[in-house]
Asker: 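The following block contains the structure, expressed as structure tokens.
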Amino acid sequence: MIVVMKEGCTKEQVDRVVHLIREMNLKDHVIVGTERTVVAVIGDDRYKDRTVLESSAGVDRVVPILAPYKIASRQTHPEPSVIPLGGKLGTTVGGRRICVMAGPCSVESRTQCLEVAHAVKEAGANVLRGGAFKPRTNPYEFQGLGEKGLEILAEAREQTGLPIVTEVMSVEQVLLVAKYADVLQIGTRNMHNFNLLTAVGKTNKPVLLKRGWSAKLDEFLLAAEYIIQSGNPDVILCERGIRTHEEYVRNTLPLAIIPAVKRESHLPIIVDPAHGTGHAYMVPAMCRASIAAGADGLMVEVHADPEHALTDGAQSLTPKAFAEMMKELAAVAAAVGRQV
Ligand code: PEP
Ligand code: MN
């Protein structure tokens with residue numbers, strides 16, 4: 001349930017509500033908004049007597065929620081969240097400006113990564129992406145450069161000023177990846193890895209949470225809830241396509257999740273049409289569609305020589321195609337009151 005305090009309630013009244021919640025063996029999460037303070041009650045409150053809270057001074061109403069995610073819900077936090085990514089450029093996700101994350105699928109070498117980093121920066125990208133630890137279906141394929149890849153990404157950040165987002169695959173890797181990355185990426189295969197969600201939730205780095213390819217919307221938001229509940233409010237959702245019967249695409253990209261997330265949650269959502277389609281030729285159209293539908297950002301794979309990329313070449317744009325796409329996106333963004 002959520003306790004909505006009356007406008008102008010006192011701090012003592014909020015403290016009393018917190019005290020009552022703790023007496024019920026439940027946890028509290030106080031959110032002070034510009035006009036209202038609300039207290040989210042965390043834990044199984046289905047059998048608790050909410051009249052105790054309803055009759056406490058300063059309480060306007062107590063709203064039981066069916067949605068199991070509470071802190072990620074729009075009900076507890078009506079205004080959309082704007083997530084700061086750190087770095088010199090003051091990059092954020094969730095505001096008026098569309099945040100474009102671009103770079104290679106994998107960091108393959110220093111030359112390859114730096115070349116793409118400069119090209120995407122030049123074309124207007126806001127964040128550099130690149131995998132150092134790669135979750136590969138086939139154990140005999142390229143697994144990523146590991147820490148060496150993180151060092152290369154850090155050098156690319158140094159040279160371009162772009163914050164970096166890179167995947168962390170296991171609990172043991174969290175401290176290492178957090179030492180280098182500005183944003184920790186949780187891949188689609190790990191969305192249900194609750195120990196990993198809790199571990200990144202204990203860091204102070206923003207988390208890019210990719211939707212599991214068979215996860216439903218409420219499971220996606222509950223995964224975000226794990227991270228926030230562990231102490232880290234800076235979660236960016238990422239739609240990257242789901243598994244369906246279709247074969248003309250690598251995954252099916254359900255853009256209807258954008259308005260659905262906007263209705264259910266205050267968290268920003270970005271779209272990854274590279275993994276969402278698997279084909280470079282589809283990426284620009286799906287990027288335009290994502291922005292038109294209200295996405296807060298994009299994640300795009302870019303490679304100077306896609307034919308020889310070690311991973312995901314077929315869905316990677318060349319730097320030239322990326323730069324052309326960025327120009328087209330500016331017009332779409334302007335049409336929906338956003339900016340690239
Ligand atoms: C990636 O971003 O390179 C990646 C592996 O993505 P996903 O987890 O969505 O497959
Ligand atoms: Mn990839």
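Just follow the structure's listing: the first ligand is 1, and inside any ligand the first atom is 1. Residues take their numbers from the sequence shown, with the count starting at 1.
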Asker: For ligand 1, which atoms have a heavy atom of E301 less than 4.0 angstrom away?
Answerer: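 Counting from 1, the qualifying ligand atoms are 3 (O).
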
Asker: Would you call R157 and D182 a salt bridge, taking side-chain N to carboxylate O under 4.0 Å as the test?
Answerer: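 Salt bridge present between R157 and D182.
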
Asker: Under a 3.5 Å cutoff, is there a donor and acceptor pairing between the side chains of Q143 and R136?
Answerer: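 Per modelled atom types, Q143 and R136 side chains form no pair under 3.5 Å.
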
Asker: Run through the protein N/O/S atoms less than 2.8 Å from the Mn ion (ligand 2) and write them out by chain and number.
Answerer: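 Per the 2.8 Å query on the Mn ion (ligand 2), atoms found are C105 SG, H275 NE2, E301 OE2, D312 OD2.
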
Asker: Check I186 against V200 and note the closest heavy-atom contact, atom names and distance.
Answerer: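 The answer is CD1-CG1, 3.9 Å.
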
Asker: Would you mind running through ligand 1 and noting each atom that sits below 4.0 Å from a heavy atom of G187?
Answerer: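 By the 4.0 Å cutoff, the relevant atoms are 8 (O).
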
Asker: Starting from atom 4 (C) of ligand 1, locate the nearest protein heavy atom and write down its residue, its atom name and how far away it is, to 0.1 Å.
Answerer: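 Nearest protein contact, heavy atoms only, for atom 4 (C) of ligand 1 is H275 NE2, 3.5 Å.
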
Asker: Show which residues join V32 in its hydrophobic cluster (side-chain heavy-atom contacts under 4.5 Å, direct or indirect), or state none.
Answerer: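 For the cluster that includes V32, the remaining residues are M1, V3, M5, V14, V17, V18, L20, I21, M24, L26, V30, V39, V41, V52, L53, V59, V62.
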
Asker: Is there a donor-acceptor pair under 3.5 Å between the side chain of R110 and the backbone N or O of I152?
Answerer: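 Not a single qualifying donor-acceptor pair exists.
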
Asker: Would you say T166's side chain and A181's backbone share a donor-acceptor pair under 3.5 angstrom?
Answerer: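 No, because the side chain of T166 does not come within donor-acceptor range (under 3.5 Å) of the backbone of A181.
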
Asker: Any heavy atom of C105 sitting closer than 4.0 Å to ligand 1?
Answerer: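 Under 4.0 Å: yes for C105.
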
Asker: Is the shortest N/O to N/O distance between R129 and ligand 1 below 3.5 Å?
Answerer: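 Yes, at least one N or O pair falls under 3.5 Å.
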
Asker: Tell me which protein heavy atom sits closest to atom 5 (C) of ligand 1, plus the residue, atom name and distance to 0.1 Å.
Answerer: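 The closest one turns out to be E167 OE1, 3.8 Å.
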
Asker: Say whether Q159 and H118, considering side chains only, have a donor N or O and an acceptor N or O under 3.5 Å apart.
Answerer: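 Result is yes, a qualifying pair exists.
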
Asker: Which residues, ordered by chain and number, are linked to Y140 in its hydrophobic cluster, where ILVMFWY side chains connect at heavy-atom gaps below 4.5 Å, directly or through other members?
Answerer: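 Its cluster partners, ordered by chain and number, are none at all.
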
Asker: Using distance only, find each side-chain donor-acceptor pair of residues 99-109 under 3.5 Å and give its atom names and separation, not counting sequence neighbours.
Answerer:
from	atom 1	to	atom 2	distance (Å)
S106	OG	T311	OG1	2.6
E108	OE1	H303	NE2	3.2
E108	OE2	H303	NE2	3.1
E108	OE2	L310	N	2.8
S109	OG	Q112	N	3.1

Asker: Counting each atom of ligand 1 from 1 as listed, which ones have a heavy atom of Q185 under 4.0 Å away?
Answerer: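 Selected atoms, number and element: 1 (C), 2 (O).
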
Asker: Can you tell me if H275 and Q315 form a side-chain donor-acceptor pair at under 3.5 Å?
Answerer: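 The criterion, which ignores hydrogens and geometry beyond distance, is satisfied for Q315 and H275.
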
Asker: I need the atoms of ligand 1 closer than 4.0 Å to a non-hydrogen atom of R189, numbered in the order shown.
Answerer: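 Selected atoms, number and element: 8 (O), 10 (O).
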
Asker: List the closest protein heavy-atom neighbour of atom 8 (O) of ligand 1: residue, atom name, distance to the nearest 0.1 Å.
Answerer: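 Answer for atom 8 (O) of ligand 1: T188 N, 2.9 Å.
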
Asker: Once you measure the plane-to-plane angle for Y281 and H279, does it fall in the parallel (<30°), tilted (30-60°) or perpendicular (>60°) bin?
Answerer: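 The arrangement is tilted - the two ring planes meet at 30° to 60°.
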
Asker: Give the atoms of ligand 1, by number and element, whose distance to some non-hydrogen atom of K210 is under 4.0 Å.
Answerer: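 Counting from 1, the qualifying ligand atoms are 1 (C), 2 (O), 4 (C), 6 (O), 7 (P), 8 (O), 9 (O).
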
Asker: Among protein heavy atoms, which lies nearest atom 10 (O) of ligand 1, and at what distance?
Answerer: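 Among all protein heavy atoms, the one nearest atom 10 (O) of ligand 1 is R240 NH2, 2.9 Å.
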
